[in-house]
Asker: 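Next up is a structure, given as structure tokens.
Everything quoted here is computed from the prediction, not taken from an experiment. Lettering of chains follows the sequences in order, A, B, ..., and the numbering in each one begins at 1.
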Amino acid sequence: MEETMQQTTESVGCHQMNRTESEGYDGAQTLMRIIGENLVEVQTGTTNLLELILSPENLNRSYRQVIGNDGSGGVDKMGTSELLPYLNLHKDELIEQLQKGKYRPNPVRRVDIPKDNGKARQLGIPTVVDRFIQQAISQVLIPIYEREFNDNSFGFRPNRSAHDALKRVQEYADNGYHYCINLDLERFFDTVNHSKLIEVLSRTIKDGRVISLIHHYLKAGVMVAHKYESTEEGVPQGGPLSPILSNILLNELDKELSRRGHPFVRYADDCLILVKSKRATERVRDSISTYLEKKLFLKVNMEKTIIRDVRGMKYLGYSFY
DNA sequence: GTCTATGCAAC
RNA sequence: CUUGUUGCAUAGAC
């Protein structure tokens, strides 16, 4: 075990780019330190973001996260156990391709899993190497976007739990917001509009190479029973990068709700809008639905979008009473 | 405070 | 070869 970790540090942490571009490498090191220690001062407009993603520290963290997540209880860790040998052989080539914008992600693997309600959830599972790279991207985007995200957004974010979200709903309810609209976005992950997401990303991320890499991940396609299918929309359910991408897009919804003065609580795609009067509920529901469809290109499921008194409302697995 | 390992939950 | 992010709990090592 300890030997494996030692190997890890050497293989993933070893940096061949250091020889050819020591200046860029040192810059990345510095940026890494700034992001880690002081979120406020990092310049998101940097064009050095890719170097930050490919820095040894970030890649090491990414490796350990990907390995650690696999159910390594004992028997089945075949997928991730192959990552270290692969990186030992190909990491220089991999990093070079990523730097030159030549890297092409592999299609995701389609796996259907049954949901509670009997329907199937379609997972899109990237290869271990792509999970590794996506994790590295995610780790750099998280501190950048944590500053931009809304205080009422709770899903997929560090130091924020579903319980925190419920407490926030309770606070609003106690302050006179007795009615709520529970928006249901139809197959949200599968219907994310690539152009819109890239547009929103580009406002903050100024390193075109990173934008391009993420775009390639969105378009990587999917293998369904040994047949390739292109992906024109959606983010893969199962990619390490997908949670933050979903929050980046839905942060636009948060901003719109704030602009209109509507209190809300959002956990991933599960959004609760709170209003004081019953009469306002349908008007708000309809205008926000129009916004989601026209501006964010997301479909609202009107049948499953429920309006009711907060008391008795079921949210994030709990009921209010 | 950092880090391993189980287990549960939300989406 | 059922993936992912996040949170909580328990045990243990510094």
Asker: Picking from B/dC3, C/rG4, B/dA10, which would you name as closest to the side chain of A/R131?
Answerer: C/rG4
Asker: Which pairs of donor and acceptor atoms, one on a side chain in residues 239-261 of chain A, lie under 3.5 Å apart (sequence neighbours left out)?
Answerer:
from   : atom 1 : to     : atom 2 : distance (Å)
A/S242 : OG     : A/P236 : O      : 2.5
A/S246 : OG     : A/P243 : O      : 2.6
A/N247 : OD1    : A/R266 : NH1    : 3.1
A/N247 : OD1    : A/R266 : NH2    : 3.3
A/N247 : ND2    : A/G155 : O      : 2.8
A/E252 : OE1    : A/R203 : NH1    : 3.0
A/E252 : OE2    : A/R203 : NH1    : 3.2
A/E252 : OE2    : A/K255 : NZ     : 3.1
A/D254 : OD1    : A/R266 : NE     : 2.8
A/D254 : OD2    : A/R266 : NE     : 3.3
A/D254 : OD2    : A/R266 : NH2    : 3.1
A/E256 : OE1    : A/R259 : NH1    : 2.1
A/E256 : OE2    : A/R260 : NE     : 2.8
A/E256 : OE2    : A/R260 : NH2    : 3.1
A/S258 : OG     : A/N150 : ND2    : 3.2
A/S258 : OG     : A/D254 : O      : 2.9
A/R260 : NH1    : A/S287 : OG     : 3.1

Asker: List in chain and number order the residues that pass side chain to side chain contact (heavy atoms under 4.5 Å, CB included) with A/P158, two or more places apart in sequence or in another chain; answer none if no residue qualifies.
Answerer: A/I142, A/E146
Asker: Restricting to pairs with a member in residues 175-189 of chain A, which pass salt bridge (charged side-chain N to carboxylate O under 4.0 Å, His left out), not counting sequence neighbours?
Answerer: none
Asker: Would you mind telling me which of C/rG4, B/dT4, C/rU3 lies closest to the side-chain atoms of A/P243?
Answerer: C/rG4
Asker: When you compare B/dG7 with C/rC1, how far apart are their C1' atoms, in angstrom units rounded to a whole number?
Answerer: 23 Å
Asker: Please evaluate residues A/N301 and A/F188 with respect to the criterion side-chain contact (heavy atoms from CB on, under 4.5 Å), reporting the C-alpha separation (whole Å), side-chain torsions for both, the decisive distance (0.1 Å), and the verdict.
Answerer: CA-CA 10 Å; A/N301 186 335; A/F188 166 69; over 6 Å; no
Asker: Using atom types as modelled, flag every donor-acceptor pair under 3.5 Å from a side chain in residues 275-285 of chain A to any protein atom, sequence neighbours excluded.
Answerer:
from   : atom 1 : to     : atom 2 : distance (Å)
A/S277 : OG     : A/A280 : N      : 3.3
A/T281 : OG1    : A/K278 : O      : 2.6

Asker: Give the residues of residues 266-274 of chain A touching DNA chain B, defined as any heavy atom closer than 4.0 Å, sorted by residue number.
Answerer: A/Y267, A/D269, A/D270
Asker: Take atom CG of A/L250 and atom C1' of B/dA10, then tell me their distance rounded to the nearest Å.
Answerer: 16 Å
Asker: A/N106 has an atom CG; how far is it from atom P of C/rU3, in whole Å?
Answerer: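 Whole-Å distance recorded here is 18 Å.
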Asker: Return the set of residues passing side chain to side chain contact (heavy atoms under 4.5 Å, CB included) with A/K100 (not counting sequence neighbours), or none when no residue passes.
Answerer: A/E96, A/K102
Asker: For C/rU6 and A/Q65 - does any side-chain N or O of the residue sit under 4.0 Å from the phosphate oxygens OP1/OP2?
Answerer: yes
Asker: When you check the side-chain N and O atoms of A/E171 and A/N175, is any donor under 3.5 Å from an acceptor?
Answerer: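 A/N175 and A/E171 do not have a side-chain donor-acceptor pair below 3.5 Å.
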Asker: In whole angstrom, what separates A/R64's CZ from B/dT4's C1'?
Answerer: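 Roughly 11 Å, once rounded to whole Å.
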Asker: Sort me out a list of protein N/O and nucleotides 7-14 of chain C N/O pairs below 3.5 Å, or just none if empty.
Answerer:
from  : atom 1 : to     : atom 2 : distance (Å)
C/rG7 : OP1    : A/N159 : N      : 2.6

Asker: Who passes side-chain hydrogen bond (donor to acceptor under 3.5 Å, both in side chains) against A/E303, sequence neighbours left out?
Answerer: none
Asker: Measure CZ/A/R110 against C1'/C/rU3 and give the value in whole Å, please.
Answerer: 12 Å
Asker: From the options C/rU3, C/rU6, B/dA10, select the nucleotide whose nearest atom is closest to the side chain of A/I125.
Answerer: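 When the side chain of A/I125 is considered, C/rU3 is the closest of C/rU3, C/rU6, B/dA10.
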Asker: For RNA chain C, what dot-bracket results from Watson-Crick or G-U pairs at under 3.5 Å, with [ ] for crossers and | for inter-strand partners?
Answerer: ...|||||||||||
Asker: Kindly write out the residues that satisfy ring-ring contact (aromatic ring centres under 6.0 Å, His included) with A/H90, not counting sequence neighbours, or none if the list is empty.
Answerer: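 A/Y86.
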Asker: I need the CZ-C1' distance between A/F189 and B/dC11, as an integer number of Å.
Answerer: 7 Å
Asker: Through direct or indirect side-chain contacts below 4.5 angstrom among Ile, Leu, Val, Met, Phe, Trp and Tyr, which residues connect to A/L316?
Answerer: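 For the cluster that includes A/L316, the remaining residues are A/F154, A/L166, A/V169, A/Y172, A/Y177, A/V265, A/Y267, A/L272, A/L274, A/I306, A/V310, A/M313, A/Y315, A/Y318, A/F320.
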Asker: Mind checking A/I113 for me? I need base, sugar-phosphate or nothing, with any heavy atom below 4.0 Å counting as a touch.
Answerer: base
Asker: Hydrophobic side-chain clustering at under 4.5 Å (ILVMFWY, transitive links): who's grouped with A/V108? Put none if nobody.
Answerer: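 Once heavy-atom contacts under 4.5 Å are chained together, A/V108 belongs with A/V222, A/V224.
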Asker: What is the distance, to the nearest angstrom, from the CD atom on A/Q122 to the C1' atom on B/dC11?
Answerer: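 Rounded to the whole Å, the gap is 17 Å.
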Asker: Let's see if you can work this out: which of C/rU5, B/dC11, C/rU3 has an atom nearest to the side-chain heavy atoms of A/Q135?
Answerer: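 In terms of side-chain proximity for A/Q135, the closest of C/rU5, B/dC11, C/rU3 is C/rU5.
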Asker: For A/H163 and B/dC11, give me the distance from atom NE2 to atom C1', rounded to whole Å.
Answerer: 17 Å
Asker: Send over the distance from A/D130 CG to C/rC1 C1', rounded to a whole Å.
Answerer: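 Nearest whole value for this atom pair: 16 Å.
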Asker: So A/G155, base contact, sugar-phosphate only, or nothing? Heavy-atom distance under 4.0 Å.
Answerer: nothing
Asker: Is there a donor-acceptor contact under 3.5 Å from the side chain of A/T231 to the main chain of A/L218?
Answerer: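 Side chain of A/T231 to backbone of A/L218: a pair is present.
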